[in-house]
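What follows is one structure encoded as structure tokens, with my remarks underneath.
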Amino acid sequence: MNNTDYDVIVVGGGHAGCEACAASARVGAKTALLTHNLATIGEMSCNPAIGGLGKGHLVREIDALDGLMGRVIDKAGIQFRMLNASKGPAVRGPRAQADRELYKKYMLQALREQSGLDLIEAAVEGFVETQGVLSGVKLADGRVISAKAVVLTSGTFLNGVMFIGHETTIGGRVNDVSCAGITPYLKSFGLRVGRLKTGTPARLDGKTINWDILPVQEGDKQPVPFSYLTKKIDNPQVCCHITHTNERTHKIIRDNFSKCALFSGLITGIGPRYCPSIEDKLVKFADRTSHQIFLEPEGLHTDVIYPNGISTSLPADVQEEFIHTMEGLENVRILRPAYAIEYDYVDPQELNDRLECKKVPGLFLAGQINGTTGYEEAAAQGLLAGVNAAHRALEDGKEFIIDRSQAYLGVMIDDLITKGVDEPYRMFTSRSEYRLFLRSDNADMRLTEKGRQTGCVGDTRYSVFKAKKALLEKYRALCEQLQTSPRELEAAGANIRAEGAKKSAFNAMSYTGVSRETVNRLWPELANMPDEIYEQIEIEAKYAGYIKRQMADIEIFKKDENLRLREDIDYSKIGGLSREMVAKLSKVRPSTIGEASRIPGVTPAAVTAVLGFVKK
Amino acid sequence: MDNQTIYALSTVYGKSGVAIIRVSGSMATKVVTSMTNLQISELKPRYAHFVKLRAIPSGELLDKCLLLYFHAPQSFTGEDVIELQVHGSRAVISATMESLSQIKDFRLAEPGEFSKRAFYNGKMDLTQAEGLADLIDAETVEQQKYAVRQMDGALKNMYESWREQLLNMLAHLEAYIDFPEEDIPQDVVLNMKNTVFKLCEEIKKHLTDDNIGERLREGFRITIIGAPNAGKSSLLNQIAKREAVIVSDIAGTTRDAVDIHLDLGGYPVVFTDTAGLRETAEEIEKKGIALAYNRAKEADLVIYLFDASINAAQDIEKYKKDFAGKLLVVANKRDKLSPEDIMSLQKSGCLVISAKQNFGTDELLKAIKEKIGERFTSGSSPVVSRRRYRDALNKTLEFLSAFSFDKEIELTAEDIRLAVREIGKITGRVEVDEVLDKIFGSFCIGK
């Protein structure tokens, strides 16, 4: 396999595919992105927005690893909001509405600017193996392109079927094709393949909405960018509007339950619990008489409106009827009805912590094919898979592994590969046990150095990072060194008893009533500290006790994580493991003792047995 | 812990009618194939098989015995278990154990290993395992009562229900954090505050039980103080003789404090005899007196014994203050008193006895039993039987008292998460390897 066409081939031009091919090329692998349609690269098939809670964290992490998503949304965003701004810094999530066309434009531009990356329009219909090793992909026209590693990011396209009520259409997205050729290959490799479901709401004509009577939701006055490289948001900012479902809406939906693809059993896949269709919501929150619906513009130069909150698989005529019951939408024109889509995914327990199929060395999977939902989840996986595919192809002896204590990305991958999915997996801050440490403000401090070592962080990013880190360290030291008496602090407005030992500026920041102005007045030396540096030091001061405790937890966690298990362990040879345990462990083939302990149903006794076996 | 099959003698080694040898692990049924005439296909779970037991490797007949089989997971350990009920002869036991050691992947169990495996396989939680250990160690009726209740899950159920309530709250808080559009209703906030408040009260109540649980395990401490020659040692000798069950005589940490362990009406009691209290310039005696005083301070009950022929009114007042609520005043040397003197002493609340003539000792013991019994008024609720429960619960309280809605919501959630984890440590919900070995190490072999 010395003379392949490419080092790495990435199949699919969605959010996972874009990050995967760019990351692979950044690491230095000769990379090709294969997509059946170059015009849909970076397409936002559903919600025209990036970020949110947990998801915003992922975007910051992608950015810290020099990925594209953060930079592109900063150029394409038309309404920026910091969600949970009133709550604490660990659970704040940046979110932005995107201009769909701008997003695609800037994503394509970013890929074109990436050296070592070819963009090829071609439909992949299968894989090629040479002597039992994956060696390339087979195109619909019969051509073969060879590579040392392949990243498959097929999204919803594998045997995609769309449902509008009882009407079904074959395709991976509206007005798009489906791919039937790849699944049989996956099955022939012995991978477990299942079906999952997701959906997207109708699109509305903004010219026919009665905006005047609807409450407005503005973006933040000072938009906060996603990327650590972006200085300022240049796009004009737009507002969204809010409407509600009401009892009439609910009655129409209930009366037509039997016509839903979902309830009539047409769809066998399982949909995401947290992004439920409106009929799901009605069943699960039966006592609610109203649900909030956000009317979000899809761009600066379009009248298409995305109604956030009414995904459905009801027939078009019923959609028409219930949408018109809502305030402001009485006379709305529906441009395209909502649909549900069902597609093939691969059980992520088939993957190792590099997102490579354990049964098919050289084949990496990322995005919805792994059972996740969301652009950000897909993109983050794509980046990690792309970097590891590059390492494999280049045979540079490196691995890029992110664990639960380092990033949400690590939490997601660990959850996927140890627990598998029974519904599309979406990121939440509550999925992380180290939430107070894994914040969106410090993603660069957590990851950029690691990315630099693995080769996916470029010079520009790295120099910006180093400059920030130096400033952070300088001011942190200064803050711990400068002192004042509690009496002065109290006089300055701090909620503190005016007695006891002197407090450092760092301590002072943890008290309520101490603002930036207070700090500047007490210690003029700190007045020049940049805002983002101040913010981070302040968070660390406020969380100090809690973070210290989490750091201690992380150390314990690392012990198990550092005990790596070989992938070829014959679990049936380990004395005393019950058949059930052998089956569970053989199915997942955990990479570390820590992973083994997180597989549902695996007992501590079994973990100890494995540990004993490995140490022998 | 490795995953070999373990075996151990579960009954006491020595001459007896029956001795039970227990085998646990995935290879346990190898006993059947390699040591008995029974076919593996004939082996029925929970059924007593009468078998011929043969030695390895000679095949000589060792004994005819009962063999019981418990199929995993329906066994004490959750693994396959074989129990051999052989005749309680030292020779049979030794020969059987020797043969078991010959089977591949078999080894002698470590102390507490059967229970440890039961815990690891989810057959019981840590409090139940510790209840079991206490039950095996129980020497008095009351100890047995509390231990069996704990083994049955009384503590586990209470701690688990607390944990459950906190977990529910955490789920609410997390929903509030992760779904910013869904506002947490004010009544839910109020509910949470209420739950935490009530939980704190419950935990506090559970903790302020006068250390009954620890007392039950370690014994109630009764210290006898008094001037030299008041008759303390005579009294202790009388008590020791009266009570049929003398558990042990243990010399105190210094020559001047002597502990005697007794079963007093089902309660374990430790009587401590101390140095006579008096003003002295002598260094060693001074230390003895200081020790006596400290012991009395720590004791659950203090008996002040004085020579009734000497006026002790001043001392009584002092000790009543020093040992408020736990002082029993006893006048000795009744034989030296007139009936009028006895009457007036009794009126002032003294017990009047004669240690020498063994008069009034029964009355004194009755009074002591009553005093101990008073502390068991809440007899039905489970008690904190171990220091580590108390420590974890105190930490839980610490985290819960930090709980408030006046800080960042993720910190509010973190407080609850930490509290949940502390409670989980008690029942073994959380990995607590460092405490596990400690807990199971105190078991006897064969359990």
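Throughout, protein chains are lettered first and strands after them, A, B, ... in sequence-line order, and every chain is numbered starting at 1.
- The distance from atom CG of L411(B) to atom CG of L436(A), rounded to the nearest 0.5 Å, is 6.0 Å.
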Margin query: Quick one, E414(B) with Q550(A), criterion side chain to side chain contact (heavy atoms under 4.5 Å, CB included). Give me CA distance, side-chain angles, the key distance, then yes/no.
Written below: CA-CA 10 Å; E414(B) 188 72 6; Q550(A) 291 208 334; 3.0 Å; yes

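- Side-chain contact between I177(B) and F428(A) is absent, with no heavy-atom pair separated by less than 4.5 Å.
- Other residues, nucleotides and ligands contribute more than 12 heavy atoms inside 6.0 Å of the NZ atom of K558(A).
- Between A90(A) and E410(B) the shortest heavy-atom distance is N-OE2, 2.8 Å.
- A distance-only check finds no donor-acceptor pair linking the side chain of E408(B) to the backbone of K87(A) [under 3.5 Å].
- Distance check, rounded to the nearest 0.5 Å: OH of Y546(A) to NZ of K407(B) gives 3.0 Å.
- Contacts between L418(B) and chain A at a heavy-atom distance below 4.5 Å involve the side chain alone, from C-beta outward.
- Within the 4.5 angstrom heavy-atom criterion, no atom of N308(A) approaches chain B.
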Next item on the list: Kindly determine whether I409(B) and N84(A) satisfy side chain to side chain contact (heavy atoms under 4.5 Å, CB included), including the steps that lead there.
Entry: CA-CA 10 Å; I409(B) 185 91; N84(A) 272 351; over 6 Å; no

